[in-house]
There are 2 protein chains.
Amino acid sequence: MPRPSTPLLSPDRIRSVALAIIDRDGLDGLSMRKLAASLGVQAASLYGHVRTKDQLLNDIASSVLSAVDVSGFSVDWREGLIRCARSYRAALSTHPNIVPFLAYGPAGRDESLQRLDLLHGALVDAGWSRREATMIAAGLMYIVFGSALSSFSSGFSSDPADYTDRYPHLDRAHLLPGVARELDRDSFELALAAFVRGL
Amino acid sequence: MPRPSTPLLSPDRIRSVALAIIDRDGLDGLSMRKLAASLGVQAASLYGHVRTKDQLLNDIASSVLSAVDVSGFSVDWREGLIRCARSYRAALSTHPNIVPFLAYGPAGRDESLQRLDLLHGALVDAGWSRREATMIAAGLMYIVFGSALSSFSSGFSSDPADYTDRYPHLDRAHLLPGVARELDRDSFELALAAFVRGL
DNA sequence: CCGACTAACCGAACAGTGTTAGGTTAACCC
DNA sequence: GGGTTAACCTAACACTGTTCGGTTAGTCGG
């Protein structure tokens, strides 16, 4: 197939299909050939629209993070922190399979930095020193990313026999998969509340 | 080369060389062929001692996590939480390049579960409900893993020009790489202290 | 002492990966 | 209408984890 009358590919379409594959099959489930097939195209054609796979993932990550809301600081800084953390986590948990990628490389994404800049500025305006503001923002990110990884409550076996013998205090851990989502959210809220209260 | 007089390979030696490669070249820098070459051997030979690469990484992860100290709960639960979190983070930051692997899959490693069991039991003994104990343990892990990922303060550019124009509040961010380690540790301590105090 | 057996390694291969080079043709512009 | 470019293709490269079948050194039973 030579040049088609209407283009089959566009950066947007590539990104959105790629994200759908990641959501469905996980981060490892995305390969350039599979992505191309989903788009009705050969793998090499993607490179006319996308520089590398890594760049594609970065772009997808940025688009996911664009949903983070840092508008809550007009009320007060505690409320701002909480809203920011919640929306950040919400964005990440909508596409949990891309979190390992975010956790991988440096945070030099433009979207991240812009939000960080706002956060930092708001904390300084509220009276914290620059250094304190940096540490508070970092602490907030720790909780957000830690909870988004959710390598915690997910990934537990659902077979009671896996626990009763070897881990006496985890004898109800097999119930976790069923309530994992809810428990993860409550754990996040607990950690967030404790952190902000403790500042 | 057929069977050598003294074996060249052992699971221990494989693990330790693999970990050294990961520490030096990152998680992506470890391939079975490269590992084999470092051991003076062909790649296929590794599979007589190691089931899969994934299993190898799991074993390495377990050995790294074996340094986590959960003995502090004999004093009181706050002290126990803090000590556990500190030693956990220390273990992870000694081999930061393996953290993305930990963050990837489920936490079904035996080492993790044993420590989690102790932690959970100690919190319940201290009067927390089972559910609360689970959430507190989760929150602690959020902070530990979030800070260990350190996709935060690391990964900043050291060129001031990257920030001054676009991110007015981050005009000193170029100083970060130089003090990143210290700042990361302080951020972790702040988050940990705030979290435990806020409980 | 000698044969059987096993343990430890190797070479070659398979299916998969990201990526690039070079070719073909449709659409667009002058 | 001819030249240029954009969008796709096929084929290949160098790599990945892993497996199969061989080759030989060490070990153990008779």
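Order of the sequence lines sets the chain letters (A, B, ...), proteins ahead of strands, with each chain counted from 1.
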Please state how far atom [atom1] in [X] lies from atom [atom2] in [N], giving the value in whole angstrom units.
| X | N | atom1 | atom2 | answer |
| --- | --- | --- | --- | --- |
| Leu35(A) | dT17(C) | CG | P | 12 Å |
| Tyr47(A) | dT20(C) | OH | C1' | 9 Å |
| Lys53(B) | dT16(D) | NZ | C1' | 8 Å |
| Arg51(B) | dG17(D) | CZ | C1' | 14 Å |
| Leu46(A) | dT17(C) | CG | P | 13 Å |
| Leu9(A) | dC9(D) | CG | C1' | 13 Å |
| Met32(A) | dT17(C) | CE | C1' | 11 Å |
| Asp28(B) | dA14(D) | CG | P | 21 Å |

Tell me what [X] touches on the nucleic acid: a base, only sugar-phosphate, or nothing, going by heavy atoms under 4.0 Å.
| X | result |
| --- | --- |
| Leu30(A) | sugar-phosphate |
| Gln42(B) | sugar-phosphate |
| Ser45(A) | base |

Subject >> Carboxylate-amine/guanidinium contact Arg185(B) Glu189(B), below 4.0 Å >> reply: no
Sequence neighbours left out, cut at 3.5 Å: what donor-acceptor pairs do the side chains of residues 93-100 of chain B make with other protein atoms?
residue: Ser93(B); atom: OG; partner: Arg89(B); partner atom: O; Å: 3.1
residue: Ser93(B); atom: OG; partner: Ala90(B); partner atom: O; Å: 3.3
residue: Thr94(B); atom: OG1; partner: Ala90(B); partner atom: O; Å: 2.7
residue: His95(B); atom: ND1; partner: Asp23(B); partner atom: OD1; Å: 3.1
residue: His95(B); atom: ND1; partner: Asp23(B); partner atom: OD2; Å: 2.8
residue: Asn97(B); atom: ND2; partner: Ile22(B); partner atom: O; Å: 2.8
residue: Asn97(B); atom: ND2; partner: Asp23(B); partner atom: O; Å: 3.3

Subject >> Donor-acceptor pair (no angle test) under 3.5 Å: Arg33(A) side chain, dG16(C) base >> reply: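 A donor-acceptor contact between them is absent.
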Original post:
Is His49(B) near enough to dC9(C) that one of its side-chain N or O atoms lies under 4.0 angstrom from OP1 or OP2?
Top reply: yes
Could you pull out all donor-acceptor pairs under 3.5 Å where a side-chain atom in residues 190-199 of chain A meets a protein atom, sequence neighbours excluded?
residue: Arg197(A); atom: NH1; partner: Gly198(B); partner atom: O; Å: 2.1

**OP:** Output yes when a side-chain donor or acceptor of Arg33(A) lies under 3.5 Å from a complementary backbone atom of Gln42(A), and no otherwise.
**Re:**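 No, because the side chain of Arg33(A) does not come within donor-acceptor range (under 3.5 Å) of the backbone of Gln42(A).
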